[in-house]
Novice: 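Here it is, the structure in full.
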Amino acid sequence: MSTSPPKTTEAWTYTSPSTPRTALTLTTSHPLTFPPSNSSEETLLISVSHAALNPGDIVSLTAMPFFLHSTPSAVPAFDFCGTVLQSHNQARFSPGDNVICFPPLPHMLKTGIGGLQKIVPIPAKYCVRLPQGKKLIDGAGLMLAGCTALLQVRQAGVKKGDRILVVGASGGVGSAAVQIVRDVVGLGGYIAGVCSGRNEGLVRSLGADEVVDYTLHKDLPGYLTERFGGEGRRFDHVIDGYGNQELYKSCAGFLKEGGVYDAASIHYASYRLWDLLGSVVTIGLNILWPRAQWLGGTGRTFKICSLGDPGLEMMELLAGMLGDGRVRVVRDSVWGWGEVKEGFDVLMGGHAAGKVVIRVGEGEE
């Protein structure tokens, strides 16, 4: 490296669990730790341009015991992009490269890093190159939602020509899922998306053939059974980016025998620890409870998306899909560096259409 890396950076940090408005503090001297000179791992120093907020960030902020962190303070945002300033053991990247980054939770707990800091040291294995012709903001919000949706599609076994229901189709995961499903099922497949009617145009533009406005139906499971329960109309699989437990409990009415109900999570009433634990219990029961309907089960397989570290193969695939236009990141709103708490307010409201993005750097919009 030609110059020594900086020792501190500006960042939004927290030191104990609470709501984003209470927990987050803007500091100008968040410490940076770069690997020792004898380390063999390629590590990058990134100037962050944009970071996307995710429900997982809210969980980490509000409900995760802080003793799980190895550092005295931590920075949120799993999902960010920026420009390489320096590279230790340069191999895949050089200074000036634009990259999309997605460090997994264990690394964030160990190091305290996150996308809501101006400069981030990060192992190169958690980064992929931004496709040529794309702006940095185009990559913000791609990885966590995109990898989740891609894993769901793979877990469910979606194939060409399938009929697929996407629940939460206008959200971060759901909007990615509609596009990925369309790429897999082709023009001969059929996609129905569940979302608010105000987002119908968006979801159709992403590849859905039909949109179900959940606000018009007090009994949404009943309507889906009525609309799609006939011969030849049932879905091969359900990709649920929202986590609607009531739909899963009633899915035998509109999901074929042998079909998979794959959920990104089970929606929780709040981000309090006991509600999150209740969601975990529900997930376990869905997986373990007998599937035979006469025993009180749904008769359909439930799978949950447990992403962890997606690995370079999946990240490179998604970056390629962004580059060739098969996938784009839907943005609900973009907020300035001083508006991080307002961005979290939108996300916590539960009705964002796509990703909530923070402009961290001073670069291009």
Side-chain angles (χ1 to χ4, degrees), residues 1-7 9 11 32-52 54 75 77-151 154 176 180 183 307-329 355 357 360-361 363-364:
M1 256 179 249
S2 57
T3 59
S4 298
K7 298 185 182 303
T9 188
L32 294 175
T33 303
F34 216 60
S37 58
N38 61 354
S39 171
S40 61
E41 183 176 48
E42 183 182 14
T43 303
L44 308 177
L45 196 65
I46 306 294
S47 173
V48 179
S49 64
H50 299 84
N54 290 280
V75 179
F78 294 87
D79 209 346
F80 55 94
C81 54
T83 303
V84 177
L85 296 175
Q86 298 178 6
S87 174
H88 175 80
N89 288 330
Q90 182 175 321
R92 294 171 55 226
F93 300 104
S94 301
D97 287 343
N98 289 333
V99 292
I100 307 172
C101 309
F102 181 24
L105 178 61
H107 182 78
M108 294 180 73
L109 291 176
K110 179 181 178 181
T111 63
I113 70 158
L116 292 181
Q117 57 187 84
K118 296 279 189 173
I119 296 175
V120 178
I122 183 172
K125 63 185 177 182
Y126 301 137
C127 305
V128 295
R129 188 169 276 101
L130 181 76
Q132 268 193 323
K134 296 297 179 181
K135 297 179 180 180
L136 282 163
I137 194 172
D138 295 330
L142 174 68
M143 284 301 160
L144 196 153
C147 289
T148 299
L150 181 55
L151 181 57
R154 288 178 171 181
I180 293 169
D183 183 60
L307 184 59
D309 180 359
L312 271 179
E313 181 270 335
M314 184 176 286
M315 292 176 66
E316 294 279 11
L317 174 59
L318 270 175
M321 295 178 77
L322 174 69
D324 63 26
R326 285 177 289 166
V327 168
R328 65 181 174 91
V329 177
K355 304 303 298 183
V357 175
V360 177
E364 62 186 11

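If you read the sequence from its start, that first residue is 1, and numbering goes on from there.
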Novice: Ignoring hydrogens, what is the shortest heavy-atom contact between Ala319 and Pro131? Give both atom names and the distance.
Specialist: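 Smallest interatomic distance, heavy atoms only, reads O-CG, 3.1 Å.
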
Novice: Give a yes or no on whether the backbone of Ala124 and the side-chain of Arg92 come within a donor-acceptor separation of less than 3.5 Å.
Specialist: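 Checking the backbone N and O of Ala124 against the side chain of Arg92, a donor-acceptor pair under 3.5 Å is found.
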
Novice: Work out which heavy atom in Gly139 is nearest to a heavy atom in Ile100; give both atom names and the distance.
Specialist: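 Looking at all heavy atoms of both residues, the shortest contact is O-CG2, 3.8 Å.
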
Novice: Can you tell me if Glu42 uses its side chain to pair, donor with acceptor, with the backbone of Phe93 under 3.5 Å?
Specialist: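 Present.
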
Novice: Between Ala77 and Ala51, which heavy-atom pair has the shortest distance, and what is it?
Specialist: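 Shortest heavy-atom contact: CB-CB, 4.1 Å.
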
Novice: Please list, one pair per line, the donor and acceptor atoms closer than 3.5 Å that link side chains of residues 106-116 to other protein atoms, with sequence neighbours excluded.
Specialist:
| residue | atom | partner | partner atom | Å |
| --- | --- | --- | --- | --- |
| Thr111 | OG1 | His107 | O | 2.8 |
| Thr111 | OG1 | Ile113 | N | 3.4 |

Novice: Applying side-chain contact (heavy atoms from CB on, under 4.5 Å), run through Lys355 and His50 and close with a yes or a no.
Specialist: CA-CA 12 Å; Lys355 304 303 298 183; His50 299 84; over 6 Å; no

Novice: Rounded to the nearest 0.5 Å, what's the gap from CD1 on Ile122 to SG on Cys127? Could you check?
Specialist: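 So the gap between those two atoms works out to 4.0 Å.
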
Novice: Measuring only between side-chain heavy atoms, which start at C-beta, is Leu318 closer than 4.5 Å to Cys147?
Specialist: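 Yes - at least one pair of side-chain heavy atoms lies under 4.5 Å apart.
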
Novice: Could you go step by step and tell me if Gln117 and Leu32 meet the side-chain contact (heavy atoms from CB on, under 4.5 Å) rule?
Specialist: CA-CA 10 Å; Gln117 57 187 84; Leu32 294 175; 3.6 Å; yes

Novice: Side chains of Lys134 and Asn98: closer than 4.5 Å at any heavy-atom pair?
Specialist: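 Not touching, per the 4.5 Å side-chain cut-off.
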
Novice: Would you mind reporting whether Asp183 and Val327 have side-chain heavy atoms less than 4.5 Å apart?
Specialist: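 Not in contact.
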
Novice: Start with the C-alpha gap between Arg328 and Asp138, add the side-chain angles, then the distance that decides, and say whether side-chain contact (heavy atoms from CB on, under 4.5 Å) holds.
Specialist: CA-CA 7 Å; Arg328 65 181 174 91; Asp138 295 330; over 6 Å; no

Novice: Flag the pair Cys101 / Val120 as yes when at least one side-chain heavy-atom distance between them is below 4.5 Å, and no otherwise.
Specialist: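 Cys101 vs Val120: side chains apart.
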
Novice: Kindly compute the distance separating OG1 (Thr83) from CG (Leu136), expressed to the nearest 0.5 Å.
Specialist: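 Thr83 OG1 to Leu136 CG: 5.0 Å, rounded to 0.5 Å.
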
Novice: Please give me the minimum heavy-atom distance between Pro121 and Ile119, naming the atom from each residue.
Specialist: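 Shortest heavy-atom contact: CD-O, 4.2 Å.
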
Novice: If we only count heavy atoms from C-beta on, is the Glu41 to Asn89 side-chain gap below 4.5 Å?
Specialist: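 The answer is no; the side chains never approach within 4.5 Å.
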
Novice: Are the side chain of Ser49 and the backbone N or O of Cys81 linked by a donor-acceptor pair below 3.5 Å?
Specialist: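 Judged by distance alone, yes, a pair lies under 3.5 Å.
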
Novice: Please lay out, stage by stage, how Leu85 and Ile46 fare under the test side-chain contact (heavy atoms from CB on, under 4.5 Å).
Specialist: CA-CA 6 Å; Leu85 296 175; Ile46 306 294; over 6 Å; no

Novice: Is there a donor-acceptor pair closer than 3.5 Å between any side-chain N or O of Asp79 and the backbone N or O of Leu144?
Specialist: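 Confirmed, Asp79 side chain pairs with Leu144 backbone.
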
Novice: Minimum heavy-atom separation for Ala11 to Val75, with atom names?
Specialist: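 Here Ala11 and Val75 meet closest at CB-CG2, 4.1 Å.
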
Novice: Can you spot which of Tyr126, Phe78, Phe80 makes a side chain to side chain contact (heavy atoms under 4.5 Å, CB included) with Phe102?
Specialist: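 With Phe102 as partner, Tyr126, Phe78, Phe80 yield a single side chain to side chain contact (heavy atoms under 4.5 Å, CB included), made by Phe78.
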
Novice: When rounded to the nearest 0.5 angstrom, what distance separates CE in Met314 from CG in Asp309?
Specialist: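 So the CE of Met314 and the CG of Asp309 are separated by 10.0 Å.
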
Novice: For Gly361, does its backbone N or O pair with a side-chain atom of Lys118 as donor and acceptor, under 3.5 Å?
Specialist: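 Absent.
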
